[in-house]
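What follows is a set of notes on a single structure, which appears directly below.
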Amino acid sequence: MPNISDLATRFYEIVNGEGELSEVLSDDFQFGIMPGFPYGGNQDGLTETNSFFEKLGPLFDNFEVHAQEFIPLDDANLVVRGFYRALGAKTGKQVDFETVHFWKSNGSKLTHYKHYCDTGLLCDILGHDVPQ
């Protein structure tokens, strides 16, 4: 069985362009996106999570997640500190901004995610046009 840090690492690789989310996310995955982030709110299930990323993609010429520190709380809970690097498609502006992610796992797949970041910095590179 993969450990939660390995699953989260693989998630970041997939988000940065290498694979399918179904490799690491449960079918009933709960994806908590901050209000103020594009399409913020709770995405219920793998299908809605995939849809979130499909909608997010056109807003950016580049969007990367860089995990810097993994803080395991126990076998099923993990905190990850890192940053996003984003280049707004509409404005051509780039920004790096910090983020913290909270993960839960059922032992074989990731089941829950919640993140926190400075959505104001993201809003600026999107030309203050943040779809909800």
Side-chain angles (χ1 to χ4, degrees):
M1 248 190 242
N3 70 45
I4 192 168
S5 294
D6 291 341
L7 290 168
T9 296
R10 184 66 186 128
F11 171 85
Y12 299 126
E13 291 170 351
I14 293 166
V15 168
N16 289 335
E18 304 173 20
E20 298 294 323
L21 291 173
S22 60
E23 294 176 38
V24 294
L25 303 183
S26 65
D27 288 338
D28 61 350
F29 183 70
Q30 297 296 298
F31 197 44
I33 302 299
M34 285 189 65
F37 200 92
Y39 308 106
N42 292 320
Q43 317 298 318
D44 296 321
L46 182 56
T47 300
E48 281 192 29
T49 301
N50 279 319
S51 177
F52 166 83
F53 283 106
E54 290 169 7
K55 293 185 291 186
L56 191 69
L59 300 176
F60 301 97
D61 286 338
N62 187 51
F63 191 94
E64 302 168 2
V65 183
H66 297 272
Q68 295 176 301
E69 182 180 10
F70 289 72
I71 306 161
L73 303 177
D74 56 33
D75 289 345
N77 295 279
L78 173 71
V79 177
V80 176
R81 186 187 62 77
F83 69 95
Y84 297 126
R85 173 167 291 147
L87 176 64
K90 182 177 179 180
T91 65
K93 292 181 179 180
Q94 181 172 312
V95 68
D96 290 355
F97 57 110
E98 290 184 282
T99 186
V100 175
H101 301 167
F102 293 86
W103 290 101
K104 289 185 183 215
S105 169
N106 63 13
S108 61
K109 298 240 179 158
L110 297 166
T111 60
H112 293 82
Y113 165 97
K114 179 69 178 171
H115 80 133
Y116 297 91
C117 64
D118 184 342
T119 59
L121 292 172
L122 188 57
C123 180
D124 182 55
I125 70 161
L126 294 174
H128 300 277
D129 183 16
V130 181
Q132 294 300 308

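Taking CD from E98 and CD from Q68, the interatomic distance works out to 7.5 Å, rounded to the nearest 0.5 Å. If you take NZ on K93 and CG on L126, they are separated by 10.0 Å, rounding to the nearest 0.5 Å. For the atom pair L46 CG and K109 NZ, the distance stands at 7.5 Å (nearest 0.5 Å). Atom CZ of R85 and atom CZ of F63 lie 11.5 Å apart (nearest 0.5 Å). Residue F102 holds its CZ atom at 14.5 Å from NE2 of H112, rounded to the nearest 0.5 Å. Atom OG1 in T111 sits 13.0 Å away from atom CZ in F31 (nearest 0.5 Å).
Side chains of V24 and P2 form no contact here, defined as non-hydrogen atoms less than 4.5 Å apart. For the pair D6 and R10, the minimum side-chain heavy-atom distance is 4.5 Å or more. Looking only at side-chain heavy atoms (C-beta outward), V95 and D124 stay at 4.5 Å or farther from each other. Contact annotation: the side chain of F60 approaches that of I125 to within less than 4.5 Å [non-hydrogen atoms, C-beta and beyond].
Results of the ring pair (Phe, Tyr, Trp, His ring centres under 6.0 Å) test with F11 over F70, W103, F29 single out W103 as the only residue that passes.
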Exercise for the section: Take Q43 and S51, measure what side chain to side chain contact (heavy atoms under 4.5 Å, CB included) needs, and give me the verdict at the end. Expected result: CA-CA 9 Å; Q43 317 298 318; S51 177; over 6 Å; no
Practice task
Output, in order, the C-alpha distance, side-chain angles, deciding distance and verdict of side chain to side chain contact (heavy atoms under 4.5 Å, CB included) for L21 and F52.
Solution key: CA-CA 12 Å; L21 291 173; F52 166 83; over 6 Å; no
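Shown here is K114, whose NZ atom has more than 12 heavy atoms of other residues, nucleotides or ligands within 6.0 Å. Applying the 6.0 Å contact sphere to CG of D75 captures no more than 12 heavy atoms from other residues, nucleotides or ligands. Within a 6.0 Å radius of CG in N62, other residues, nucleotides and ligands contribute more than 12 heavy atoms. Heavy-atom neighbours of E20 CD from other residues, nucleotides or ligands within 6.0 Å: at or below the threshold of 12.
When all heavy atoms are compared, the tightest approach of A86 to F97 is CB-CE2, 4.4 Å. Heavy-atom minimum distance, V100 versus V79: CG1-CG1, 3.8 Å. Pairing each heavy atom of V130 with each of G36, the nearest pair is CG1-O, 3.4 Å. Residue F37 comes nearest to T119 through the heavy atom pair N-CG2, 3.7 Å, listed as atom of the first residue, atom of the second, then distance. Taking each heavy atom of P38 and I33 in turn, the nearest pair found is O-CG2, 4.2 Å. What you find for S105 and L7 is that their closest heavy atoms are OG-CD1, 3.7 Å.
For N16, the side chain to side chain contact (heavy atoms under 4.5 Å, CB included) test picks out E64, V65, with sequence neighbours left out.
When ring centroids are compared, Y84 and H101 come within the 6.0 Å threshold.
Using modelled atom types, no side-chain atom of T91 and backbone atom of G127 make a donor-acceptor pair closer than 3.5 Å. Side-chain atoms of T99 never come within 3.5 Å of backbone atoms of F83 as a donor-acceptor pair (strictly under, hydrogens ignored). The backbone N or O of S5 lies less than 3.5 Å from a partner atom in the side chain of T9, making a donor-acceptor pair.
In this structure, L87 is not a member of the same hydrophobic cluster as L122, with clusters built from ILVMFWY side-chain heavy atoms closer than 4.5 Å.
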